[in-house]
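Both backbone and side-chain heavy atoms feed into the values below; hydrogens, waters and symmetry mates do not. Convention: sequence-line order gives letters A, B, ...; per-chain numbering from 1.
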Amino acid sequence: MPAVSKGDGMRGLAVFISDIRNCKSKEAEIKRINKELANIRSKFKGDKALDGYSKKKYVCKLLFIFLLGHDIDFGHMEAVNLLSSNKYTEKQIGYLFISVLVNSNSELIRLINNAIKNDLSSRNPTFMCLALHCIANVGSREMAEAFAGEIPRILVAGDTMDSVKQSAALCLLRLYKASPDLVLMGEWTSRVVHLLNDQHMGVVTAAISLITCLSSKNPDEFKTCVSLAVSRLSRIVSSASTDLQDYTYYFVPAPWLSCKLLRLLQCYPPPEDGAVKGRLVECLETILNKAQEPPKSKKVQHSNAKNAILFEAISLIIHYDSEPNLLVRACNQLGQFLQHRETNLRYLALESMCTLASSEFSHEAVKTHIETVINALKTERDVSVRQRAADLLYAMCDRSNAKQIVAEMLSYLETADYSIREEMVLKVAILAEKYAVDYSWYVDTILNLIRIAGDYVSEEVWYRVIQIVINRDDVQGYAAKTVFEALQAPACHENMVKVGGYILGEFGNLIAGDPRSSPLVQFNLLHSKFHLCSVPTRALLLSAYIKFINLFPETKATIQEVLRSDSQIRNSDVELQQRAVEYLKLSSIASTDVLATVLEEMPPFPERESSILAKLKKKKGPGAVSVELEDGKERGELNGGGDRGGDAAIAASNASTPSPSADLLGLRSAAPVSGAAPSAGSLLVDVFSEAGPAAASAGVNDDGFLSALHAPEASDSPLVEGPGDSDSAPTSAASEDPAPPLPESDELLNKFVCKNNGVLFENQLLQIGIKSEYRQNLGRMYLFYGNKTSVQFVSFSTTVSCPGELQSQLNVQTKTVEPLVEGGAQVQQVINIECLTDFVDAPLLNIKFRYGGALQNISLKLPVTINKFFQPTEMAAADFFQRWKQLSQPQQEAQKIFKASHGMDTEVLKAKLLGLGTALLENVDPNPENYVCAGVIQTKAQQVGCLLRLEPNAQAQPGEQMYRLTLRSSKDTVSQRVCDLLAEQF
Amino acid sequence: MIGGLFIYNHKGEVLISRVYRDDIGRNAVDAFRVNVIHARQQVRSPVTNIARTSFFHVKRSNIWLAAVTKQNVNAAMVFEFLYKMCDVMTAYFGKISEENIKNNFVLIYELLDEILDFGYPQNSETGALKTFITQTGIKSQSKEEQSQITSQVTGQIGWRREGIKYRRNELFLDVLESVNLLMSPQGQVLSAHVSGRVVMKSYLSGMPECKFGMNDKIVIDKQGKGGGATGQSIAIDDCTFHQCVRLSKFDAERSISFIPPDGECELMRYRTTKDIILPFRVIPLVREVGRTKLEVKVVIKSNFKPSLLAQKIEVRIPTPLNTSGVQVICMKGKAKYKASENAIVWKIKRMAGMKESQISAEIELLPTNDKKKWARPPISMNFEVPFAPSGLKVRYLKVFEPKLNYSDHDVIKWVRYIGRSGIYETRC
């Protein structure tokens with residue numbers, strides 16, 4: 001680009017800027033700016049035409065004033081004029097002003113676009129670049145609309161200069177990111193891929209960014225780029241450091257390009273072509289080899305560039321997860337970095353190893369570094385590195401080293417940073433549970449945990465320990481003994497008191513034989529903590545006391561005394577007072593039999609997924625996913641789901657065990673356990689008043705009504721658009737506004753998720769039937785309005801509206817209906833629907849008519865849901881799982897666990913899943929009871945692939961039957977919406 | 001109570017920092033600079049709360065004075081103190097400027113030690129302070145003098161020392177008023193009030209007992225029943241007095257009696273809202289001619305006795321933000337378009353009562369993309385007139401000195417009225 005010549009320096013601008021810099025106060029600055037603005041206004045207003053130089057100068061000043069934070073509301077025209085100048089500096093300032101200051105002002109945009117068009121079609125590469133930069137900087141929708149077609153042409157044209165190609169690629173990338181719907185794929189896509197072969201490295205670098213972005217949305221269209229990228233990569237990797245000249249950075253050939261190539265390859269599965277694959281493996285090996293070579297330079301830039309490539313290569317290896325040899329080598333390489341001087345390297349190594357640990361090939365290799373990692377956890381200065389070390393320890397933990405790791409993490413907890421304590425606690429709790437061989441170890445660990453980091457132990461952790469103790473007979477006695485001992489510490493954490501109160505209340509009798517822990521001693525020990533605790537804990541302790549009365553009648557008098565004391569029975573807290581009063585009465589009135597029945601030992605909890613995991617996932621987001629995969633494998637062993645053992649490997653890939661999985665205790669229904677654990681059943685009604693999932697099951701009756709319907713041909717729809725239609729304006733203006741949708745309209749909507757035909761609405765006057773068909777992203781819906789009375793409806797009108805953002809997501813066209821509906825007659829209306837992009841809401845149908853003079857106003861939701869645009873996709877099991885894996889980002893998945901509201905009839909379920917529009921895939925899931933579906937949602941803007949997995953738990957009691965529904969799709973909103981819709985259906 | 005007091009220059013550099021309480025840390029200094037002095041948006045509130053710390057600031061030319069506290073103090077007290085502090089500094093070294101503060105920083109710390117103790121304001125009467133805080137080096141004081149100062153400063157009349165002697169007993173009384181007005185374009189008064197001060201400068205011997213009388217409506221009415229006084233009276237909305245005035249006597253009899261401090265003091269402050277004499281009437285006429293031109297005509301009428309002369313008259317006519325050129329014609333005085341202030345400023349040196357003058361201007365506008373309409377800010381005006389727009393009259397000021405032998409008649413008394421404009425605006 002031409003350098004700015006010395007004569008071009010704008011003196012006036014320099015003076016103005018130095019004036020402003022010299023201002024003593026804000027007021028002085030504002031005064032100076034006002035003066036300058038007035039001057040510029042008078043210059044622009046002046047009849048004398050300004051020459052290019054002064055125009056540029058004043059526009060520059062305006063820009064400077066704007067950047068100081070003042071409003072500029074003129075000068076746009078002058079800036080646009082500058083665009084047509086032939087001098088580079090003037091054009092540049094014009095573009096600069098426009099990209100900073102232009103707003104979507106219609107008339108100016110047209111002029112600007114015109115100027116940009118001129119520059120784009122000029123042969124001058126610098127002008128073309130300026131124009132492209134301006135488009136990219138503004139990046140608005142208007143720009144995209146105007147130039148989205150033009151830029152690809154420039155990009156792939158043979159005679160375009162390299163620098164322009166570079167700019168064009170980046171500009172297109174910007175437009176695509178801003179408004180992906182406007183950048184349409186076309187024949188240029190294949191030619192863009194071939195830019196990877198371009199001579200000029202800069203062009204390749206720019207193009208690869210574009211391709212990476214595009215291919216993440218449409219992987220299929222850019223498939224060919226894999227082999228090109230591999231060959232390019234191999235050429236770079238194998239080149240000597242001097243080959244690439246300008247693109248060699250501190251002896252590393254084209255590091256940025258290499259990283260981008262490796263990142264592009266991470267968008268795709270391993271290449272199927274053996275030759276390509278071989279070449280790629282060779283490349284990766286070379287990269288790993290190079291890491292071993294002694295550095296060619298001592299400069300930090302050299303090692304940074306080299307390591308950047310190495311880490312990108314390692315993440316590609318992890319992504320492929322198919323080359324055991326490479327995985328192990330990567331692991332070894334990372335192991336070296338674990339002890340590197342550079343903190344950043346250690347951080348990255350720990351982070352990458354975390355992902356390596358989840359691969360079955362390299363898990364063992366990772367484990368060899370356990371000592372180093374533990375050392376890092378203890379000695380690392382930087383808390384973020386320590387955090388990564390803790391993550392890695394968690395990831396590499398398995399049965400063989402669980403005890404060691406848990407012990408290390410526990411000992412680290414005492415000194416751990418406050419910011420990571422809570423997470424550490426959760427991890428220790430999970431590991432202890434997952435790999436517990438021996439439950440006394442588990443109980444010890446958790447109690448230790450509470451002792452060390454009581455404040456950071458969340459409710460879930462101690463819920464879980466109680467749950468496990470209750471369910472395991474063999475550990476109860478030991479648990480009682482341990483908590484008793486733990487409680488003897490002079491200061492113990494409230495969570496410990498909670499656990500102690502609960503366990504002694506349940507199993508205190510198991511250790512009562514020992515005179516050192518006789519009932520009275522137990523009680524006194526608990527009661528000595530009572531006054532230090534918060535209200536919920538006190539409530540729990542009161543419940544423990546009443547359990548004591550049941551377990552040890554000899555303590556009755558003492559406990560009644562305590563309950564009777566003013567501090568309990570007149571406690572200002574309602575809950576405590578109520579418990580004290582009720583327990584006191586219960587203990588004095590009820591006979592021992594009744595007491596024993598009421599205060600029976602808690603029944604075992606149903607086996608459920610650990611809520612701690614859910615909490616960790618929530619805390620960590622994506623990071624925890626890999627661990628969760630493992631979890632599916634392991635839980636089978638712990639919770640006795642042995643029958644699933646064989647499938648574990650497959651199940652691990654999608655983290656779904658068929659065991660009924662509702663959250664333990666973490667859910668609302670768990671509240672009673674925390675508050676009134678061993679509570680006296682009916683006495684505390686409020687405690688157990690749990691809102692039942694009373695999902696009103698709206699029966700689906702298909703028959704009866706549709707007898708009157710006939711399937712109309714689209715061509716002969718009896719629609720007459722006579723003039724009478726248009727001027728039949730409704731007479732009553734008062735209630736013209738559409739009524740709010742009926743309260744049941746959501747239910748009506750759910751009724752139609754899995755079927756296309758039926759009765760949408762019925763009351764005494766009107767019946768609305770529906771018939772619909774969908775093809776790709778288009779749909780046609782026939783609505784039949786049946787007059788059930790013998791009197792005619794007048795001023796009959798219907799409107800379909802798309803509220804809010806739905807307008808831009810759905811295109812709905814309706815034809816008007818006859819304003820008169822005779823008694824007993826039926827009119828038909830056709831609605832054409834086009835799905836532009838995915839949507840959530842349903843369009844509103846508003847019906848107005850007069851019946852006997854009274855205006856009827858009904859609003860309904862039209863049963864148009866996103867799943868209607870499904871196209872079934874058949875695929876084999878291997879395909880399915882591969883795609884399932886690809887959609888592994890947490891936001892791509894939506895999961896729901898819900899109670900069945902209908903029976904679990906296989907045929908009915910299948911019919912519903914087919915009605916959803918997806919293909920039901922047989923023999924894919926290892927568990928024949930599970931359902932697996934696949935489909936593609938067709939919208940105008942894009943296609944969204946969608947995979948579905950429904951796991952019923954039929955073994956459970958009727959009424960307790962649960963489903964787990966998991967959806968993965970390439971778009972998060974789609975997953976969520978389809979999941980929500982479907983969850984209502986079963 | 002005040003936890004600390006900082007003085008900054010316009011750049012936010014700390015010139016004076018005095019911390020009185022431990023709860024104010026060093027970072028408070030920076031917090032104020034970052035959040036107020038260097039704030040992106042200009043901070044208009046004089047009280048700023050940053051991280052549970054309250055900052056009260058006043059600005060004098062380019063100097064910021066900020067009082068800091070963590071407690072819930074009486075904000076009016078803090079501001080009163082800050083103003084007093086400004087008065088004291090002005091009395092000691094003149095204008096408050098960066099230069100002066102740097103040159104007198106020892107003095108300022110000395111003053112701060114005296115007038116604030118552990119954050120509680122103390123005696124801030126300049127007269128009293130000057131007896132023991134001087135700028136003229138260390139003058140060794142005899143024990144007698146020291147004890148005299150102590151007894152005087154801690155005594156009942158801390159604002160006046162004994163044994164003052166003048167050959168001529170003289171007394172100056174200034175009634176200073178500022179009149180505020182907001183008027184609709186049609187000439188309807190939307191709001192108007194006068195805030196006034198009575199400033200007294202006395203050169204009297206001994207400990208004179210003074211009594212001040214004015215045409216306060218309540219007093220006149222009371223007397224009217226007995227004596228039947230003539231002349232109009234004014235209704236005072238609220239008033240405050242110098243600490244020397246005996247408030248118990250004012251409450252009981254509404255008579256203002258006091259022993260004045262030597263030299264200048266502000267005897268009272270008051271505010272009136274009824275029957276205000278508006279010295280000027282502004283009649284604006286704004287006409288938009290197309291999108292690119294604006295015609296403005298403003299007439300001012302003086303509305304007081306023809307024998308009186310108003311001075312320093314300045315009319316400020318705001319111009320739109322897209323003004324590209326202005327032509328002005330005025331009958332009297334000088335008018336100029338000031339681009340840096342976005343206004344036409346019309347200045348007249350002198351103007352007699354019951355006169356009229358006019359200015360007309362043509363404003364050329366630059367068409368802008370902005371659809372925002374010009375907000376038409378009000379036309380404001382400054383002036384000075386030699387009477388009290390509230391109608392206040394000094395009826396008497398009697399001086400009694402029982403110990404020394406001069407009587408009320410021997411004192412030479414001067415009274416002066418000055419009415420100034422406060423915010424005197426007319427919408428257009």
Side-chain angles (χ1 to χ4, degrees), chain A residues 16 19-50 55 58-59 61-62 65-81 97-98 100-112, chain B residues 8-13 33 35-44 57 59-64 97-99 290-294 316 318-328 336-345 361-375 377:
Chain A
F16 173 58
D19 275 3
I20 288 208
R21 295 254 160 90
N22 289 334
C23 280
K24 280 258 159 71
S25 65
K26 194 132 196 159
E27 292 77 39
E29 183 186 310
I30 290 169
K31 275 190 176 173
R32 180 70 185 88
I33 285 169
N34 278 338
K35 201 175 146 197
E36 193 60 43
L37 282 177
N39 175 35
I40 299 173
R41 280 195 300 259
S42 67
K43 285 285 189 318
F44 283 172
K45 174 77 181 182
D47 304 324
K48 208 169 55 170
L50 289 170
K55 217 180 264 175
Y58 292 128
V59 166
K61 281 183 181 174
L62 285 180
I65 293 169
F66 177 76
L67 294 178
L68 283 178
H70 300 267
D71 281 338
I72 296 295
D73 50 6
F74 65 99
H76 299 80
M77 206 54 222
E78 282 71 17
V80 173
N81 286 345
F97 185 89
I98 278 159
V100 173
L101 258 155
V102 94
N103 43 18
S104 47
N105 181 316
S106 54
E107 41 189 326
L108 267 180
I109 280 283
R110 209 166 37 79
L111 288 172
I112 294 167
Chain B
Y8 301 84
N9 66 5
H10 73 277
K11 287 182 202 148
E13 292 162 350
R33 173 182 36 242
N35 290 295
V36 181
I37 301 180
H38 290 165
R40 255 164 213 284
Q41 240 92 49
Q42 198 190 348
V43 175
R44 295 177 69 187
H57 75 262
K59 219 181 153 192
R60 286 284 178 274
S61 63
N62 272 336
I63 298 296
W64 301 72
S97 65
E98 185 176 349
E99 178 101 357
R291 275 188 69 203
T292 59
K293 207 167 174 188
L294 203 65
R316 181 175 287 266
T319 54
L321 291 176
N322 54 345
T323 305
S324 62
V326 177
Q327 276 97 46
V328 201
K336 202 177 164 191
Y337 167 59
K338 286 202 171 163
S340 59
E341 289 153 44
N342 284 321
I344 299 168
V345 181
E362 265 183 25
I363 301 172
E364 279 179 69
L365 303 175
L366 189 75
T368 60
N369 308 327
D370 245 0
K371 299 287 177 284
K372 259 188 297 178
K373 252 196 120 191
W374 181 45

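The contact between A:Glu27 and chain B is made entirely by side chain atoms (from C-beta outward), counting heavy-atom distances below 4.5 Å. Only the side chain of A:Lys26 comes within less than 4.5 Å of a heavy atom of chain B; its backbone N, CA, C and O stay farther away. Interface residue B:Asn322: backbone and side-chain heavy atoms are both found under 4.5 Å from chain A.
For the 3.5 Å distance criterion, the side chains of A:Lys43 and A:Asn39 qualify, holding a donor opposite an acceptor.
No more than 12 heavy atoms of other residues, nucleotides or ligands sit less than 6.0 Å from atom CG of A:Asp71.
A salt bridge links B:Glu341 with B:Arg316; the closest basic N to acidic carboxylate O contact falls under 4.0 Å.
Remark: A:His70 NE2 to A:Ile30 CD1 distance equals 6.0 Å, nearest 0.5 Å.
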